[in-house]
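Order of the sequence lines fixes the chain letters, A, B, ..., with proteins taken first and strands second; residue numbering starts at 1 for each chain.
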Amino acid sequence: MAATVSETLLDWYDTHARDLPWRARPGTPAPDPYRVWLSEVMLQQTTVAAVKPYFEAFTTRWPDVSSLAAAPEEDIMAAWAGLGYYSRARNLVKCAAAVAQRGGFPETEEGLRDLPGLGPYTAAAIAAIAFGERAVVVDANVERVVARLFAIEDPLPGARKAIRVAADAITPDRRAGDFAQAMMDLGATICTSRDPKCLLCPLTQSCEARAAGDPARLPLKARKKDKPVRQGRAYWIERNGTVWLVRRAGKGMLGGMRALPDDGWNSRSDGSDEAPLAGIWESAGLVRHAFTHFALELSVLVNRGSEQPKGEGEWWPLDRLEEAGLPTLFAKAARLVLAS
DNA sequence: TAACCGTGGTG
DNA sequence: TCACCAAGGTT
């Protein structure tokens, strides 16, 4: 009898698995749920290369969930700065508290699903990888591999239901965690979005899209809307080797992060509020930054007078600006000022 | 359902 | 250069 897709893929995984910091070390049977959880959250919509240094920094500073739960939220947000999608960091704080409170992670997909920041993908992935549950793990890699294996012609996101059914059908009862990671490794290194390496693929004999001749065509996707360009201002207020930083509101764009004061720009409108003080402003230039659904042209204005800014904030030493944890947009603005 | 939410790499 | 893309979740 011919080997099944899962058997073939698991054999491939046994010799080709990527060596990643959050995977179980040789000789240790199961990976640490804390490290699986942390890595899975960091990896949401984020590349392995981007995650690695953050995962290393987090696990060095906070080696287990109780130490993370005990850390000040500000420290965690600052440590997340630059990784993006900051609601993940806010939910990480909530989730760590909940897990510490109940004395450990839930060990089922259903239980994990109730934790903040864990959706269908992440709950299934942790259940399968950390706890050995047979869970159907569907991420963008799995969607791509499955759409090609079964030549699913319906475009995403409409095809999600059919893809899930097909993924369920090939998920094995044993080693579901390895199978999920094998599918993701295959998608990341072989069955790539562009220019798939079909000559190296262990599943090439089973692949309907390969047989049809043009696997890179799948999965089909609806065309994306083009993003508007917004204008905004950020204010650099400097006194005696310090700069005035504020904390952004807990929800919305860059929520909860330290930032330069701005004029109220957001995803729906240009900025228009008045400056945080009525002094003399000099232009330091323009920062262009692309967010997911809009682009921003941020004009950076500088004041070195003596007037006190309005509202809440803190004077932050310029020689420790790295530790403030500014999101990339404001780090760019700071770089612009400090280079001029 | 679809909008919202970051960033850096890539072809 | 720029549109697309990456181990998605929340509302």
### Task
In plain terms, say whether R175(A) and D14(A) are close enough for a salt bridge, that is, a side-chain N and a carboxylate O under 4.0 Å apart.
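D14(A) and R175(A): salt-bridged.
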
May I ask you to decide whether R258(A) forms a salt bridge with E314(A), counting only side-chain N to carboxylate O separations under 4.0 Å?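 Counted as a salt bridge, because a side-chain N and a carboxylate O are separated by less than 4.0 Å.
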
Check your understanding: What's the verdict on side chain to side chain contact (heavy atoms under 4.5 Å, CB included) for W62(A) and D75(A), showing C-alpha distance, side-chain angles and the deciding distance?
Key -> CA-CA 11 Å; W62(A) 300 296; D75(A) 290 359; 4.2 Å; yes

Quiz item: Does a side-chain heavy-atom distance below 4.5 Å link L254(A) with F330(A)?
Solution: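 Yes, close enough: below the 4.5 Å cut-off.
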
task = Taking the side chain as every heavy atom from C-beta outward, state whether I170(A) and F150(A) have any pair of such atoms under 4.5 Å apart.
result =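 Counting from C-beta outward, I170(A) and F150(A) do come under 4.5 Å.
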
Could you list by number each residue of residues 131-151 of chain A showing a heavy-atom separation from DNA chain B of less than 4.0 Å, or answer none if no residue does?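 Output list: empty, so none.
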
Quick one, R18(A) with T189(A), criterion side chain to side chain contact (heavy atoms under 4.5 Å, CB included). Give me CA distance, side-chain angles, the key distance, then yes/no. CA-CA 9 Å; R18(A) 287 179 292 175; T189(A) 64; 4.1 Å; yes

Side chain to side chain donor-acceptor pair (under 3.5 Å) partners of N240(A), counting only residues at least two apart:
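Expected list: none.
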
What side-chain donor-acceptor pairs closer than 3.5 Å can you find for residues 190-205 of chain A, not counting sequence neighbours?
from	atom 1	to	atom 2	distance (Å)
T192(A)	OG1	R194(A)	O	2.9
T192(A)	OG1	D195(A)	O	3.3
K197(A)	NZ	D195(A)	O	2.9

| Under the ring-ring contact (aromatic ring centres under 6.0 Å, His included) test, which residues partner Y235(A), sequence neighbours left out? |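 With sequence neighbours excluded, Y235(A) shows a ring-ring contact (aromatic ring centres under 6.0 Å, His included) to W281(A), given in chain and number order.
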
If you count the non-hydrogen atoms of other residues, nucleotides and ligands that lie under 6.0 Å from CD1 in I280(A), is the total more than 12?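 Result for CD1/I280(A): open.
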
So, for F294(A) and F291(A), is the gap between ring centers shorter than 6.0 Å?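 Aromatic pair counts; centres sit under 6.0 Å.
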
Per-nucleotide protein contact along nucleotides 3-10 of chain B, 5' to 3', at a 4.0 Å heavy-atom cut-off (B base, S sugar-phosphate only, - neither), is SSBBBS-B

- Item | Covered region of DNA chain C, 5' end to 3' end, by chain A [heavy atoms, under 4.0 Å] |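 Here the contact window of chain A covers dC5(C) to dT10(C).
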
Let me know the distance between CZ of R160(A) and C1' of dA2(B), rounded to the nearest Å.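 It works out to 12 Å between those atoms.
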
Integer angstrom distance from the [atom1] of [N] to that of [M]:
{"N": "dG8(B)", "M": "dT10(C)", "atom1": "C1'", "result": "24 Å"}
{"N": "dG6(B)", "M": "dA6(C)", "atom1": "C1'", "result": "12 Å"}
{"N": "dA3(B)", "M": "dA7(C)", "atom1": "P", "result": "23 Å"}

**Request:** Identify, between V48(A) and K251(A), the residue whose nearest nucleotide on DNA chain C lies closer to the 5' end.
**Result:**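 Mapping each residue to its closest nucleotide by heavy atoms, the 5'-most match is V48(A).
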
Worksheet item: Touch check for S39(A), heavy atoms < 4.0 angstrom, all strands: base, sugar-phosphate only, or nothing?
Response: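 Nothing, no nucleic acid heavy atom in range.
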
